[in-house]
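One structure below.
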Amino acid sequence: MSPYAAPLRDIRFVLDTLLEHRSLALPQYQDLSPDVIDAVLEEAGRVAGDVWAPLNQDGDRHGCRLEGGEVLTPPGFAEAYRAFVEGGWNGIGSDPEHGGQGLPEVVASAVQEMWQGANMALALCPLLTAGAVEALAQHGDEALKARYLEKLVSGEWTGTMNLTEPQAGSDLSVVRTRAVPDGAHYRLHGQKIFITWGEHDCAENIVHLVLARLPDAAEGNQGISLFLVPKRLVDAQGRLGERNDVNCVSLEHKLGIHGSPTCMLGFGERDGAIGYLVGEPGRGLAHMFTMMNAARHKVGIQGIGVAERAYQQALAYARERVQGRVPKSRSGGPATLIEHYDVRRMLLSMRARLEALRALALLSASEMDIARHAESTEARERAQQRVDLYTPIVKAFSTDQAVDIASLAVQVHGGMGYIEETGVAQHLRDARIAPIYEGTNGIQALDLVTRKLQRDRGAALNSVLDEVAACAASLADDPELAAWGRALRDGVDDTRRALDVVLERAADAEKGHDALQALATPMLDLVGHVLCAWQMGRAALRARAALQDGHEDTAFYRAKLASAEFVLCHWLPRGRAQLAAIEAAPALFDAPL
């Protein structure tokens, strides 16, 4: 497996040039400067590349082991995680009130990509902890926050999300885990499956956030509450006590992310696992969605990270592997793979899509900063509407594309890609989980069309499309980029037409539900393509201006223009083709299967 180098140049381009460091203009971040952000990115890239990345392939080969109820992670993982904690990386985006560094979410997201690209299996641990921090900070009472938040923010303790049960996958309304009142706490009984980093040897305590039912709870979603259940009990002074009645029953044997322990947990095999109510009774699912929404954006970033590493490995292999010949007009002798234009097509497709996905994900993160810290209520509400709109797209579209990009990396390697020793197959195996967890991508698509587009009749999307149309007009004003502008304008028109279809079908009392199910994924795919093309259109305008101004980094900006052309003229049409599927749905799916 080739080394990993964080894509610092492109990340800086997004933060500096496309976003113009707009998060730093917020009062919350007035003491920060682009130079400070650059230093953070540089050091994170060093730790990711030098400390985490070398463990990735060995972690995949060794996997995790369950011995006597204890889970042993692959060699080096515990030490690498401790280096991560000691460097203060776990809390870079968390509130200083709880021990975090308080950096903007857009910076934390950029750094998150580096951890995921370096070692996705290990990076899943802090990803889940970040969600637990968010849920506890928003919904926990003061006593719980005082006892647990600081250690979670620092990463000394890790967090998990416990939703799924053997009979309850995406349908959480049938959760059976019970929580029985017992004085100032509760005792939980039940089983949870697919719990990422549910047991491990990298931290001294694990804080489980668990969905369960009180004895008098109603059936369905309204009867679910959220509980904090520590692996080891914690006294009022924050000191660790005895082991709680929570046990790892088994480890899952998975397609990928072998270095990440995915556990079946048993609660209450003896007297009941002691837990504490988080938030209001019966509001557990709503509270858990705080954690899930934070995780969904991070999973989109995760897809980008692992796809970036797959691209880097494919590029390195293509530069070194001698295979076949090219026309005498170029070299005439034995050629490296990168000299073959079909291979160059694949590599450009990978790079261009990654740049587009990264720009959209970081745009969404910058909107989170505005939603949290803008001075005016109007600005915060507008930004939150965009965060809500972007989240299912970043999660689903990025992870679907990541699987395809990782698959292309295998293809670039040819037969060697199908051999585990080269390491590239690991990226494809690892990436494949991302479209499934934190709500499958089909669920993300349904969230987009049934919630986000319905609640405001598409107003937030139309507002974004106005900006996309303005970008298209700016491209059209430049004779060299005019064709790209027309392509982007056509994408806007298709998306508005698709939105009309969504709203029209939703109003059909008899067939609306089936219609929305049938068109949801094509709709998300169309919107994802158009929003990514928008970002590359903006990138093209900035790259062209830099070249006209005589910027010294000509190679970077020429490559950026090539990426933009690929996205706008070769990739966007694939997304626009989804309009036909949207207009035809759901008639096709009534056919026998």
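Scope of the values below: all heavy atoms of this structure, side chains included, with no hydrogens, waters or symmetry mates.
- Side-chain polar atoms of Glu308 and Gln312 form a donor-acceptor pair below 3.5 angstrom.
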Derivation and outcome, side-chain hydrogen bond (donor to acceptor under 3.5 Å, both in side chains), residues Asp493 and Thr495: CA-CA 5 Å; Asp493 293 343; Thr495 307; over 6 Å; no
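- Nearest heavy atom pair, residue Gly491 against residue Val530, reads O-CG2, 3.6 Å.
- The two residues Met523 and Ala498 have their closest heavy-atom pair at SD-CB, 3.5 Å.
- The side-chain heavy atoms of Asp38 and Leu8, taken from C-beta on, include no pair separated by under 4.5 Å.
- With hydrogens and angles left out, the side-chain atoms of Arg351 and Ser563 include a donor and acceptor closer than 3.5 Å.
- With 3.5 Å as the limit, one finds a donor-acceptor pair spanning the side chains of Lys395 and Asn441.
- Counting heavy-atom neighbours within 6.0 Å of Gln548 CD, excluding the residue itself, gives a total above 12.
- A donor-acceptor pair is defined here as one N or O able to donate and one able to accept, closer than 3.5 Å; no such pair exists between the side chain of Thr17 and the backbone of Val14.
- Paired with Val527 under the rule side-chain contact (heavy atoms from CB on, under 4.5 Å), one option of Leu531, Asp525, Leu524 passes, and it is Leu531.
- Salt-bridge formation is not detected for the pair Asp369/Arg22: no Lys NZ or Arg NE/NH1/NH2 atom is positioned less than 4.0 Å from an Asp or Glu carboxylate oxygen.
- The distance from atom CD of Glu113 to atom CG of Leu357, rounded to the nearest 0.5 Å, is 10.0 Å.
- Side chains of Leu561 and Leu547 form a contact here, defined as non-hydrogen atoms less than 4.5 Å apart.
- Under a 3.5 Å cut-off, the side chain of Ser225 and the backbone N or O of Gly282 do form a donor-acceptor pair.
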Residues Glu381, Gln385; criterion side-chain hydrogen bond (donor to acceptor under 3.5 Å, both in side chains); working and verdict: CA-CA 6 Å; Glu381 290 177 349; Gln385 288 172 349; over 6 Å; no
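- One finds no salt bridge joining Arg358 and Glu355 here, because no Lys/Arg side-chain nitrogen approaches an Asp/Glu carboxylate oxygen to under 4.0 Å.
- The six-membered or imidazole ring of Tyr390 lies away from that of His297, with a centre-to-centre distance of 6.0 Å or more.
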side-chain hydrogen bond (donor to acceptor under 3.5 Å, both in side chains) between Asp201 and Thr73, worked out: CA-CA 7 Å; Asp201 57 356; Thr73 54; 2.6 Å; yes
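- Looking at Val210 and Leu226, their side chains never come closer than 4.5 Å, going by heavy atoms from C-beta outward.
- Smallest separation of non-hydrogen atoms from Ala533 and Val567: CA-CG1, 3.6 Å.
- Electrostatic pairing of Asp447 and Arg451 counts as a salt bridge here, judged by a charged N lying under 4.0 Å from a carboxylate O.
- Heavy atoms of other residues, nucleotides or ligands lying less than 6.0 angstrom from CD of Glu150 number 12 at most.
- Comment: Arg12 engages Glu42 in a salt bridge, judged by a side-chain N to carboxylate O separation of less than 4.0 angstrom.
- A heavy-atom distance below 4.5 Å is not found between the side chains of Ser154 and Asn90.
- Within the 4.5 Å cutoff, the side chain of Leu453 has heavy atoms near those of the Leu389 side chain.
- A distance of 13.0 Å separates CZ in Arg232 from CZ in Arg239, rounded to the nearest 0.5 Å.
- For an aromatic pair to be called close, the ring centres must be under 6.0 Å apart, and Phe556 with His551 fails this.
- In this structure, CZ in Phe397 is found 8.5 Å from CG in Leu360, a value given to the nearest 0.5 Å.
- Each of Leu32, Leu26, Ile92 was evaluated against Pro104; a single residue qualifies, Leu32, per the side-chain contact (heavy atoms from CB on, under 4.5 Å) test.
- The only member of Tyr81, Trp52, Trp115 that meets ring-ring contact (aromatic ring centres under 6.0 Å, His included) when paired with Trp89 is Trp115.
- Dense packing is recorded around CZ of Arg9, with more than 12 heavy atoms of other residues, nucleotides or ligands lying under 6.0 Å away.
- Closest heavy-atom contact between Leu526 and Asp494: CD2-O, 3.9 Å.
- For the 3.5 Å distance criterion, the side chains of Glu467 and Trp534 fail to qualify, holding no donor opposite an acceptor.
- The cationic group of Arg544 does not satisfy the cation-pi geometry with Tyr557, failing either the under 6.0 Å distance to the six-membered ring centre or the 45° limit from the ring axis.
- For the pair Ser260 (side chain) and Ile257 (backbone), a donor-acceptor distance under 3.5 Å is absent.
- Judged by distance alone, with hydrogens and angles left aside, the side-chain atoms of Thr129 form a donor-acceptor pair with the main-chain N or O of Cys125 at under 3.5 Å.
- Ser398 and Asp400 share no side-chain donor-acceptor pair at under 3.5 Å.
- In this structure the side chain of Leu128 never reaches within 4.5 angstrom of the side chain of Trp197, judged on heavy atoms.
- One side chain, Tyr437 or Gln302, offers a donor N or O that lies under 3.5 Å from an acceptor on the other.
- Closest approach of His287 to Ala135, counting heavy atoms only: O-CB, 4.3 Å.
- Nearest heavy-atom pair, Ala203 versus Thr158, reported as atom, atom and distance to 0.1 Å: CB-CG2, 3.8 Å.
- Here the side chain of Arg147 pairs a donor or acceptor atom with the backbone of Val234 at under 3.5 angstrom.
- Put simply, the side chain of Ile206 does not reach to within 4.5 Å of the side chain of Pro230, judged on heavy atoms.
- A donor-acceptor pair shorter than 3.5 Å cannot be found between the side chains of Glu378 and Ser376.
- Within the 3.5 Å criterion, the main-chain N or O of Trp157 finds no donor-acceptor partner in the side chain of Asn205.
- Residues meeting the side-chain hydrogen bond (donor to acceptor under 3.5 Å, both in side chains) test with Asp430, sequence neighbours left out: Gln426.
- In this structure, Asn119 contributes its side chain and Leu122 its backbone to a donor-acceptor pair below 3.5 Å.
- In this structure, the separation between CZ on Arg283 and CE on Met288 is 14.0 Å, given to the nearest 0.5 Å.
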Worked check of ring pair (Phe, Tyr, Trp, His ring centres under 6.0 Å) between Tyr29 and His373: CA-CA 9 Å; Tyr29 306 118; His373 303 300; 5.4 Å; yes
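- Heavy atoms from other residues, nucleotides or ligands lying under 6.0 Å from CZ of Arg496 number more than 12.
- Two residues are said to be in side-chain contact when any heavy atoms from C-beta on lie closer than 4.5 Å; Leu24 and Gln30 fail this criterion.
- The closest side-chain donor-acceptor pair between Ser463 and Arg382, if any, does not fall under 3.5 angstrom.
- Counting only distance, with no hydrogens or angles, the side chain of Arg296 and the backbone of Gln444 share no donor-acceptor pair below 3.5 Å.
- Between Glu105 and Arg372 there is a salt bridge, since a side-chain N of the basic residue sits under 4.0 Å from a carboxylate O of the acidic one.
- Salt bridge Arg542/Asp16: absent, no basic N to carboxylate O contact under 4.0 Å.
- The pair Asp388-Arg455 counts as a salt bridge, with a side-chain nitrogen and a carboxylate oxygen less than 4.0 angstrom apart.
- A donor-acceptor pair under 3.5 Å links the side-chain atoms of Arg353 to the main chain of Ser349, judged by distance alone.
- Proximity of a side-chain donor or acceptor of Arg386 to a complementary backbone N or O of Ser364 within less than 3.5 Å is not detected.
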